[in-house]
Number of protein chains: 2
Amino acid sequence: MSDYRNSKQRLRIIEILKSTEVHPTADWIYEKLKKDFPNLSLGTVYRNLNILVETGQVDRLEFGKTFDRFEAKIDKHYHFICESCGTVIDLDIDRQIDNKLEEAVKNNTKLKIKTHKVQFYGICEKCLKNK
Amino acid sequence: MSDYRNSKQRLRIIEILKSTEVHPTADWIYEKLKKDFPNLSLGTVYRNLNILVETGQVDRLEFGKTFDRFEAKIDKHYHFICESCGTVIDLDIDRQIDNKLEEAVKNNTKLKIKTHKVQFYGICEKCLKNK
DNA sequence: CTGGATGCAAAGGGTTTGCACGTTT
DNA sequence: AAACGTGCAAACCCTTTGCATCCAG
């Protein structure tokens with residue numbers, strides 16, 4: 001890993017992220033940052049966000065890879081995603097815990113909650129063997 | 001909503017999805033289906049997948065919209081996504097239930113589980129008022 | 001001074017869409 | 001026959017990347 005310097009743009013990006021609750025997109029940050037750096041380029045925002053995620057200062061909210069995946073198993077279940085090979089595996093759920101999970105949040109907020117999804121991340125059996 | 005017919009391509013897509021556990025990408029399905037329909041186009045696969053998702057025959061595995069979102073709040077928490085306006089809201093977690101959730105899965109599989117994420121979906125307060 | 005960072009623009013990669021033709025009902 | 005579905009290719013959209021220049025250490 002290379003050494004990262006403290007560019008003004010990067011520092012401002014962290015500031016912006018720490019001062020908002022809107023979970024911005026890269027473009028939102030770009031628009032906001034443009035006021036400070038009129039010549040700012042979107043590429044700079046993306047490069048810095050990637051660095052900030054890499055160094056653990058920022059979290060990226062995403063599911064799996066950039067492309068969608070599909071399944072015909074319609075009943076409720078969780079998913080496990082292997083961080084090594086990308087495989088997605090269905091997981092049975094413990095209904096009792098699952099219900100408690102949703103109840104705990106429902107009773108604690110004014111949001112109208114319809115459903116929830118859970119993903120587990122780690123290494124699958126196959127990849128465990130191959131390392 | 002329009003009436004959907006039973007095109008051969010669409011029927012095969014459901015068949016394929018029901019017969020596999022790999023949670024395929026659109027492209028994976030395209031490659032597989034090409035054996036039956038040599039002139040198949042990727043657009044057809046995408047169109048049909050969207051129809052199947054719309055009619056509830058297939059689930060799409062994704063998180064939020066197509067673009068990533070970022071946050072500087074690094075500590076563990078859940079997210080709520082408003083299905084109406086796309087807003088993402090941080091949710092506190094009940095550590096006890098959260099731990100039980102991870103334990104339940106860990107004890108029930110040979111996968112090496114490192115972490116998990118939970119998202120809740122529904123309608124936010126603002127959108128509830130505006131309807 | 002040296003290597004990382006930036007701006008700009010082009011390229012990438014997954015997904016959507018307009019159009020003319022083919023198929024289902 | 002009418003309306004939906006398909007193939008093809010172009011268009012889209014978000015993100016990445018090559019390159020010359022700029023700037024932090």
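Letters A, B, ... are given to chains in the order of the sequence lines, protein chains preceding strands, and every chain is numbered from 1.
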Could you please name the option among D:dG7, D:dG5, C:dA5 that lies closest to any side-chain atom of A:Ile51?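 My answer, after comparing the listed nucleotides, is C:dA5.
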Grab the [atom1]-[atom2] distance between [X] and [N] for me, whole Å please.
{"X": "B:Arg12", "N": "D:dT6", "atom1": "CZ", "atom2": "C1'", "value": "17 Å"}
{"X": "B:Arg10", "N": "D:dA3", "atom1": "CZ", "atom2": "C1'", "value": "13 Å"}
{"X": "B:Ile29", "N": "C:dG14", "atom1": "CD1", "atom2": "P", "value": "14 Å"}
{"X": "B:Leu42", "N": "C:dG14", "atom1": "CG", "atom2": "C1'", "value": "9 Å"}
{"X": "A:Arg60", "N": "D:dC14", "atom1": "CZ", "atom2": "C1'", "value": "12 Å"}
{"X": "B:Trp28", "N": "C:dG14", "atom1": "CH2", "atom2": "C1'", "value": "18 Å"}
{"X": "A:Ile13", "N": "C:dT6", "atom1": "CD1", "atom2": "P", "value": "8 Å"}
{"X": "B:Lys34", "N": "D:dT6", "atom1": "NZ", "atom2": "P", "value": "16 Å"}

Just by modelled atom types, is the B:Asn50 backbone N or O under 3.5 Å from a matching donor or acceptor in the B:Arg60 side chain?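 Not confirmed, B:Arg60 side chain does not pair with B:Asn50 backbone.
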Distance-only, no hydrogens or angles: does the A:Asp98 side chain make a donor-acceptor pair with backbone N or O of A:Asp94 under 3.5 Å?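 Checking the backbone N and O of A:Asp94 against the side chain of A:Asp98, no donor-acceptor pair under 3.5 Å is found.
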Taking all atoms of both residues into account, what is the closest heavy-atom pair of A:Tyr30 and A:Leu42, and its distance?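 Reported closest heavy-atom pair: CE1-N, 3.5 Å.
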Between A:Leu52 and A:Thr55, what is the shortest heavy-atom contact and its length?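 Heavy atoms of A:Leu52 and A:Thr55 come nearest at O-OG1, 3.3 Å.
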Whether B:His79 and A:His23 hold their rings parallel, tilted or perpendicular, with breakpoints at 30° and 60°: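 The arrangement is perpendicular - the two ring planes meet at more than 60°.
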Using a 4.0 Å heavy-atom cut-off, does A:Leu40 contact any base of the nucleic acid, only the sugar-phosphate backbone, or nothing at all?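 Touches sugar-phosphate only.
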Give B:Asn50 one of three labels, base, sugar-phosphate or nothing, depending on what nucleic acid heavy atoms sit under 4.0 Å from its own.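 Sugar-phosphate, backbone atoms only, no base.
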Heavy-atom donor-acceptor pair, A:Arg47 side-chain to C:dG7 base, under 3.5 Å: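 It does, because a donor-acceptor pair links the side chain of A:Arg47 to the base of C:dG7 below 3.5 Å.
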OP1 or OP2 of D:dT6 less than 4.0 angstrom from a side-chain nitrogen or oxygen of B:Ser41, does that happen here?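 Checking B:Ser41 against D:dT6: no side-chain N or O falls below 4.0 Å of OP1 or OP2.
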OP1, OP2 of D:dC23 versus side-chain N and O of A:Gln9: anything below 4.0 Å?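 It does not, given that no N or O in the side chain of A:Gln9 lies less than 4.0 Å from OP1 or OP2 of D:dC23.
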Identify which one of A:Thr115, A:Val105, A:Leu111 satisfies the side chain to side chain contact (heavy atoms under 4.5 Å, CB included) criterion when paired with B:Phe120.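 Between B:Phe120 and the candidates, side chain to side chain contact (heavy atoms under 4.5 Å, CB included) is satisfied uniquely by A:Val105.
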Within the 3.5 Å criterion, strictly below it, is a donor on A:His77 or A:Asp92 matched to an acceptor on the partner's side chain?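 Note: A:His77 and A:Asp92 side chains miss the donor-acceptor criterion.
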Walk along nucleotides 20-25 of chain C from 5' to 3' and tag each nucleotide B, S or - by protein heavy-atom contact under 4.0 Å, base first, then sugar-phosphate. ---BBS
